[in-house]
Protein chains: 2
Amino acid sequence: MYKAPVEDIAFTLNHVAGLADAIAAGKLGDLGADLVEAILDEAGRFATNEMAPLGEIGDRQGARLQDGVVTTPDGWADLYRSWREGGWNGLTGPEAYGGQGLPHMLNVAALEMWNSSSMAFALAPTLTMGAIEALDKHGSEALKARYLEKLVSGEWTGTMNLTEPHAGSDLGVLKTRAERSDDGSYRIFGQKIYITWGEHDAADNIIHLVLARLPDAPAGTRGISLFLVPKFLVEEDGAIGARNDVFCHSIEHKLGIHGSPTCTMIYGDGKFGDEKGAIGWLIGEENKGLACMFTMMNNARLAVGMQGVAIAEAATQKAVAFARERTQGKAPGWTGAGMSPIIEHPDVARMLLTMTALTQGSRAICYACAHAIDMAHRTEGEEARTWTERAALLTPIAKSFATDAGVDVASLGIQVHGGMGFIEETGAARYLRDARIAPIYEGTNGIQAIDLVARKLPLSGGAQVSGFIGELRTIADRVASAADAGLGETAERLKASIGELEAATQWLLKAQAEGQVAEALAGATPYQRLFGLVLTGAYLAKGALAKVDDGRTDRRIALCRFAAENLLPETAALKRQVVEGAESLAAARIVLA
Amino acid sequence: MYKAPVEDIAFTLNHVAGLADAIAAGKLGDLGADLVEAILDEAGRFATNEMAPLGEIGDRQGARLQDGVVTTPDGWADLYRSWREGGWNGLTGPEAYGGQGLPHMLNVAALEMWNSSSMAFALAPTLTMGAIEALDKHGSEALKARYLEKLVSGEWTGTMNLTEPHAGSDLGVLKTRAERSDDGSYRIFGQKIYITWGEHDAADNIIHLVLARLPDAPAGTRGISLFLVPKFLVEEDGAIGARNDVFCHSIEHKLGIHGSPTCTMIYGDGKFGDEKGAIGWLIGEENKGLACMFTMMNNARLAVGMQGVAIAEAATQKAVAFARERTQGKAPGWTGAGMSPIIEHPDVARMLLTMTALTQGSRAICYACAHAIDMAHRTEGEEARTWTERAALLTPIAKSFATDAGVDVASLGIQVHGGMGFIEETGAARYLRDARIAPIYEGTNGIQAIDLVARKLPLSGGAQVSGFIGELRTIADRVASAADAGLGETAERLKASIGELEAATQWLLKAQAEGQVAEALAGATPYQRLFGLVLTGAYLAKGALAKVDDGRTDRRIALCRFAAENLLPETAALKRQVVEGAESLAAARIVLA
C-alpha cells in the first residue's frame with residue numbers, strides 16, 4: 001500500500017526546486033520551514049491513511065450513472081467531505097475567499113500525494129482549483145462574491161468544458177452557442193464531452209465553466225467566450241436554488257480512472273429549468289474566453305504532470321516492495337539460503353532504479369515549475385517577467401515528461417510483478433490504466449512539444465532558454481568541482497547532455513527563424529524528451545550535491561550517478577533525431593499514404 | 001477493423017526472412033510460391049472476415065466460470081469449430097497424424113493473423129501446437145496413437161501446466177507430485193496457476209501437459225517429469241470416457257486477453273473420478289520432463305513474439321486509419337480547406353512511422369527465427385547445427401523485442417487517438433491491455449535477456465553470434481554499394497549500429513569469461529534491445545534492397561531510411577549502458593535497500 005514519501009517530497013522542494021532559498025530570501029511571506037513540514041506531514045498522513053485505501057475500490061466499482069444521477073464509489077462522498085473539511089481544497093486559494101494563499105509548490109506536493117492515493121479521486125479538486133483560478137482572475141466581483149467561497153472551501157466543485165465531439169484540441173471550431181439575455185445573463189446551448197467530474201454526488205453544487213460562441217462572434221478562437229453555468233442556480237443569499245438546464249447524458253467506459261465520472265454534458269435542451277436554455281454568466285469579456293481558459297489550462301497542465309509523478313511514485317513503491325518479498329532463482333553472487341529475492345537480480349534492479357530515477361526526476365521538474373510560478377507571483381518587474389517565462393518554458397516539459405514517465409514506470413512496475421502484474425487484484429495494472437490518460441488530456445504531449453518548440457523556445461529571443469541552460473551548466477560545473485568518487489562520470493555525462501540540449505535548441509531556433517516549421521516540429525517530441533532527461537540529470541545532481549558534504553555514500557548520490565551513466569546516454573540519440581531526423585521523416589510520408 | 005496485411009507478410013517471408021531462397025534451394029520439398037500465396041490469402045481472408053469481428057466481443061464479455069464450467073464469449077465456440085475445420089490447426093502438424101507438415105514460417109505468418117484478430121482466441125491453438133510438438137517428439141507411440149490425431153485436427157486442445165503459486169519462472173521448486181500406479185500410469189496431485197485455456201467449452205477434450213515431481217525424484221530441476229493428463233479419459237477405441245480428477249477452480253480477472261480463460265487447475269483432490277488422484281501418463285523419461293517442456297517452450301516463445309508483432313500490426317492499422325480521418329488544426333504547409341487530417345502533423349507522422357517500423361522490424365526478426373527453425377529441421381550435420389544455433393540465438397530476441405514493440409506500439413496507438421484512445425469502445429486500449437502480458441509470460445523478457453547473454457552468445461565459442469553479425473555487415477555493405485539516394489544515411493547508420501552491437505557482444509563475452517556474471521547480466525536487457533534494433537535496421541534494409549532496382553521511390557526504402565536515421569541512433573546509448581552501466585547500477589543498490 002502507498003505510503004506518502006514525505007521526506008523525498010520535502011527534500012526535493014527545499015533542496016532541488018528552491019523552496020528553502022525562497023523562504024530564506026523572504027519571498028514567501030511568513031511561511032517557514034516548520035509550517036511546510038507540518039503541512040506535508042499532515043497531507044501525507046491523510047493520503048496514506050484515509051485516501052489510499054479507497055483508491056482500489058474506486059477503480060473496481062467505477063462511477064455509475066442512472067437516470068442522470070452519477071454515484072461515486074462507496075466511501076468516496078464521505079472521503080471528499082472529510083478531505084475538504086481538513087482544509088485541503090483551499091491550500092492555495094485566495095485568502096479573501098477563505099483560502100490559505102500558500103505557495104503553489106505546497107499545492108503540487110499535496111496534489112502528488114492525493115494522486116498517488118487515487119488519481120480518479122484527485123481529479124475532482126484538480127478541476128475545482130482550475131475553476132477557482134479562472135474565476136478569481138477574470139470574474140466580476142459579483143460572480144466572485146456568489147461562487148468563490150464555496151469553491152474554495154470545496155463545498156462546491158468546478159468543471160472545465162472545452163471539448164465537443166468534433167473538436168478535441170482545436171477549440172476554434174467549437175459549436176456550443178450562447179445567447180444574451182436582457183438581465184445580463186446568457187443562455188447556453190450545446191453538448192460537451194469528456195467533462196471530468198461533470199456530475200456526481202459528492203458536493204452540493206457543481207460550477208461548470210463552459211466555452212461557447214455568441215451569435216455575432218468572429219470565427220475561430222477569437223470568437224470564444226467563457227461562461228459560468230451552475231448545476232443549481234444560486235440565490236442572492238447564497239442558497240441553492242432551482243436546477244439549471246444542464247445534465248449528464250452519459251459517462252464514458254474508460255481504460256482507467258474508473259472512479260472519475262467522465263461525462264457528456266447537455267446544455268439547454270429543455271430537460272430542466274424554464275426550457276429557454278441553460279443560464280450562464282460571462283467570465284471576463286465577450287470573445288476573450290480563450291485567454292481566461294488558458295489561465296486555467298496552464299496550471300492544469302502542471303497538475304496533470306503531477307499525476308504522472310504520483311503514479312510513478314506509487315507504482316515504484318509497489319514494485320520495490322514486491323521485489324523485496326518475491327523470491328525466484330539465484331542472483332549472481334547470491335549466498336543466502338534458497339532462492340534470492342528478485343530485487344537481487346541485476347535486471348530487476350535496473351528496472352527499479354530506472355523507475356526511481358524517472359520518478360524523482362519528474363518530481364523535481366514539476367516542483368521547479370511550481371517554484372517558477374510562485375516566484376512570478378511574488379516578484380516584480382524584470383524578475384517577475386523572467387520567472388513567468390521560466391514557468392512557461394517548464395510547463396510543457398513538466399506535463400509531458402512526467403506523464404510519459406508515469407506510463408513507462410507503471411508499465412515497468414507490471415513487468416517487475418511478472419504474471420501477478422497482469423492480474424487486476426494485484427493493483428499494478430491499475431497504475432498503467434490510470435496513467436495512460438495523462439499524456440493525452442490537457443493538450444496531448446505532442447501539442448506540448450509544439451508549444452515548447454514554437455512558442456517557448458523563442459521567449460525573449462531565445463534568451464530565456466539559453467539562460468536556463470547556463471544554469472544547468474553551473475550545476476554540472478559544481479559536480480565536477482565536488483570531485484566526489486560516488487558521482488562517477490556524472491559531470492562528464494551531464495556536460496555532454498547539456499551540450500546536446502544546447503545544440504538541439506539552437507538548431508530548432510534557427511530552423512524556425514528560417515521558416516522551416518515542419519522540420520522543427522518533426523523533432524519537437526524527441527526534443528521535449530531530451531530536455532526532460534537533461535533536467536532529470538541536472539536536478540538529481542543538484543540533490544546529490546546537497547549530500548556530497550556529508551562525506552558518506554548517499555542514496556541520492558548513487559541514484560544521480562545511475563541516471564547519468566544509464567539514462568543520459570539517450571540524449572545523444574534524441575539530439576540526432578531532432579537535428580538529422582526531419583528529412584527522412586518527410587520522405588517516409590509515402591509509407592502512410 | 002483489422003485487415004490482414006497479406007502482401008507485407010508475403011514480402012517479409014520471401015524477401016527478408018529467406019522463404020523464397022529456401023524454396024528455390026529445394027529445402028522445402030514440393031512447397032511452391034503458389035501454395036504459399038494461396039495459404040496466406042486464405043488465412044488472411046479467414047482472419048479478416050471471420051475472426052477479427054469476434055475479437056472485441058471476446059474482450060467485452062470475457063470468459064466466464066460457473067460451477068467449474070468455463071463459457072467462452074458468444075460465437076467463439078462456433079468460430080473455433082469453423083477455424084479447425086478449415087484445417088488451420090494442423091498446418092505444421094505431423095503428417096502421420098493428419099497434419100500438413102508445412103514449414104514453421106507459414107505457421108507463424110498465420111499465427112500473426114489470428115493474433116491480430118484476437119490474441120485471446122489465438123492462445124487456444126497456440127497452446128495446442130506446443131502440446132503436439134512435445135508429445136510428437138517425446139511421447140511413446142501408444143500415447144501418440146491415442147492423442148495426437150485429435151490434437152492435430154484441433155478437436156481437442158492442449159495446455160501447458162508449469163506455474164504454481166510459489167514458483168513463477170523457477171521450476172526447480174515446484175510441488176505438484178506424481179505417484180506411480182501399477183498399470184504404468186501415474187496419479188497426479190497438486191495445483192497449477194495461470195493455465196491458459198485450462199478449461200473451456202470449445203472442444204470435446206482438453207489434454208493437459210503437467211510438470212510434476214515423483215516421490216523419489218532428485219531435488220531441483222533434475223527431478224521434474226512431464227505427464228499427459230486428459231480432462232476426460234480416452235478409451236482404447238478413442239472414445240471419450242470418464243471424467244478425470246482435474247478441474248478449474250477459478251479464473252483470473254486480468255488486465256487483458258479477457259476472452260482467454262486463465263485457470264487455476266486442481267489435480268487429484270477427489271472432485272471427480274475414483275478419488276485416487278488425476279490419472280496421467282509419462283511423456284519421455286522420468287525426471288527428464290524439463291527437456292520435454294523446453295521443446296515446447298522454445299517454440300512457444302516465438303509464438304509469443306508473434307503476439308507482439310500481431311498487436312503492433314493491428315494497432316498500427318487502427319491508428320493510421322484514425323489519423324487519416326480525424327482533423328485537427330492546421331499542419332505546417334497544409335493548404336487544404338479547413339483543418340488538416342492529423343496524419344499531416346509531423347509529430348503524428350513520427351508516431352505512425354515509428355509504429356510501422358517497429359512492427360515490420362519485429363515481424364522480420366520473428367520470421368527469420370522461424371526460418372532458422374525450418375532450416376534446422378531440413379538440413380543435416382554441420383548445417384543443421386548452425387541453423388539450430390541461429391534459431392536459439394534469435395528466439396529470445398524475437399520474443400522480447402517483438403513483445404516490447406507490441407506494448408510500445410499499442411501505447412503509441414492510444415496516443416494517436418487522443419482522448420478517444422482512452423475510451424474502451426474505440427478499441428485502441430484493448431491492444432495495450434492484451435499486449436501487456438506478452439513481455440511477461442513464457443519467460444519474462446528479463447529472463448530472455450539472461451538466456452541471450454549467458455547461454456546464446458557463448459554458442460560455438462561465440463562463433464555463432466559473430467558469424468551472424470558478419471551477415472548483417474554484408475547487408476550494410478550492400479546498402480552502401482546500392483548508393484540509392486532514397487536510402488539516405490542508412491549505410492553509415494547501420495554500420496555504426498552493427499559496430500556497437502559487435503563491441504557490446506565482445507564485452508559481454510569477455511566479462512562472462514572473466515567471471516563477471518553480475519556485470520554482464522546488468523546489461524542484458526539493453527543488449528537485447530540493441531540486438532533487436534540492429535536487426536530491425538538490417539532487415540528493413542534487406543527489404544529495401546529488394547526494391548532498389550525498381551529505380552523508384554518505394555515505401556520500403558523510405559521506411560528503412562526513417563528507421564536508420566530516427567531509430568538506430570538509440571543503439572549508441574544502449575551500447576554504453578551495456579559496457580559502462582554496470583558499476584553505477586551496482587553502486588545504486590543502496591537506493592533500493
Side-chain angles (χ1 to χ4, degrees), chain A residues 168-170 194 252-255 320 328-329 332-333 339 343 346-347 349-350 352-353 356 411 414-415 418-419 422-425 429 436-437 439-441 444 446 449 488 517-518 521-522 524-525 555 558-559 561-562 565-566 569-570 572-573 576-577 580-581 584-585 587-592, chain B residues 168-170 194 252-255 320 328-329 332-333 339 343 346-347 349-350 352-353 356 414-415 418-419 422-425 429 436-437 439-441 444 446 449 488 517-518 521-522 524-525 553 555 558-559 561-562 565-566 569-570 572-573 576-577 580-581 584-585 587-592:
Chain A
S169 304
D170 194 330
Y194 301 162
E252 304 290 352
H253 175 215
K254 307 186 299 294
L255 174 62
V320 169
Q328 285 288 278
M339 299 190 291
I343 203 167
D347 181 68
R350 174 180 289 279
L352 296 172
L353 289 169
T356 307
S411 189
I414 292 177
Q415 190 69 22
F422 200 64
I423 307 297
E424 285 288 1
E425 283 78 2
R436 195 61 196 78
I437 187 60
I440 294 172
Y441 58 17
T444 65
V517 178
L521 295 188
T525 288
R555 66 189 179 95
L559 186 68
R561 180 185 171 192
F562 172 80
E565 299 186 15
N566 278 283
E570 190 188 333
R576 296 192 79 165
Q577 286 183 37
E580 301 170 17
S584 68
L585 191 151
R589 284 187 169 279
I590 57 166
V591 175
L592 305 173
Chain B
S169 305
D170 195 330
Y194 300 162
E252 304 288 352
H253 175 216
K254 308 185 299 295
L255 175 61
V320 169
Q328 285 288 278
M339 299 191 291
I343 204 167
D347 182 68
R350 173 180 291 280
L352 295 171
L353 290 168
T356 306
I414 293 177
Q415 191 68 22
F422 199 63
I423 307 298
E424 285 288 2
E425 283 77 4
R436 195 61 196 77
I437 186 59
I440 293 173
Y441 60 15
T444 65
V517 178
L521 295 188
T525 288
T553 307
R555 65 191 179 95
L559 186 68
R561 180 186 173 192
F562 172 80
E565 298 186 14
N566 278 284
E570 190 189 334
R576 296 192 78 165
Q577 287 184 35
E580 301 171 15
S584 68
L585 190 151
R589 283 186 170 279
I590 57 168
V591 175
L592 305 174

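Order of the sequence lines sets the chain letters (A, B, ...), proteins ahead of strands, with each chain counted from 1.
Your options are A:R576, A:R436, A:E425, and the one with the most heavy-atom pairs under 4.5 Å with chain B is A:R436. With chain B as partner, the option from A:R555, A:E580, A:E424 having the largest number of non-hydrogen pairs under 4.5 angstrom is A:E424. Chosen from A:I414, A:L352, A:V320, the residue pairing most often with chain B at heavy-atom distances under 4.5 Å is A:I414. Residue with the most contacts toward chain A among B:A429, B:A522, B:A587: B:A522 (heavy-atom pairs, distance under 4.5 Å). Chain B forms the most heavy-atom pairs under 4.5 Å with one residue out of A:M339, A:E565, A:H253, A:E252, and that residue is A:H253. With chain A as partner, the option from B:V517, B:L521, B:I437, B:I590 having the largest number of non-hydrogen pairs under 4.5 angstrom is B:I437. Per-residue heavy-atom pair counts under 4.5 Å with chain A were compared for B:I343, B:L592, B:T525, and the maximum is reached by B:L592. Note on B:G419, B:A449, B:A572, B:G333: by heavy-atom pairs under 4.5 Å with chain A, the leading option is B:G419.
If you measure heavy-atom distances from A:T356 to chain B, the contacts under 4.5 Å come from the side chain alone. Using a 4.5 Å cut-off between heavy atoms, B:A524 does not touch chain A at all. For A:Y441, no part lies under 4.5 angstrom from a heavy atom of chain B. For B:V591, the parts lying under 4.5 angstrom from a heavy atom of chain A are both the backbone and the side chain.
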* Yes or no on side-chain contact (heavy atoms from CB on, under 4.5 Å) for A:N566 and A:R350, after CA distance, side-chain angles and deciding distance? -> CA-CA 9 Å; A:N566 278 283; A:R350 174 180 289 279; 3.0 Å; yes
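Here the closest heavy-atom approach between residue B:P346 and residue B:P332 is recorded as CD-CD, 3.8 Å. In terms of heavy atoms, A:R589 sits closest to B:A349 at NH2-CB, 3.8 Å. In this structure, B:G581 and B:S584 approach most closely via the heavy-atom pair O-OG, 3.3 Å.
At least one side-chain heavy atom of B:K254 sits under 4.5 Å from a side-chain heavy atom of A:I423.
One distance of note links CG of A:L585 with CG of B:D347; it measures 9.0 Å at 0.5 Å rounding.
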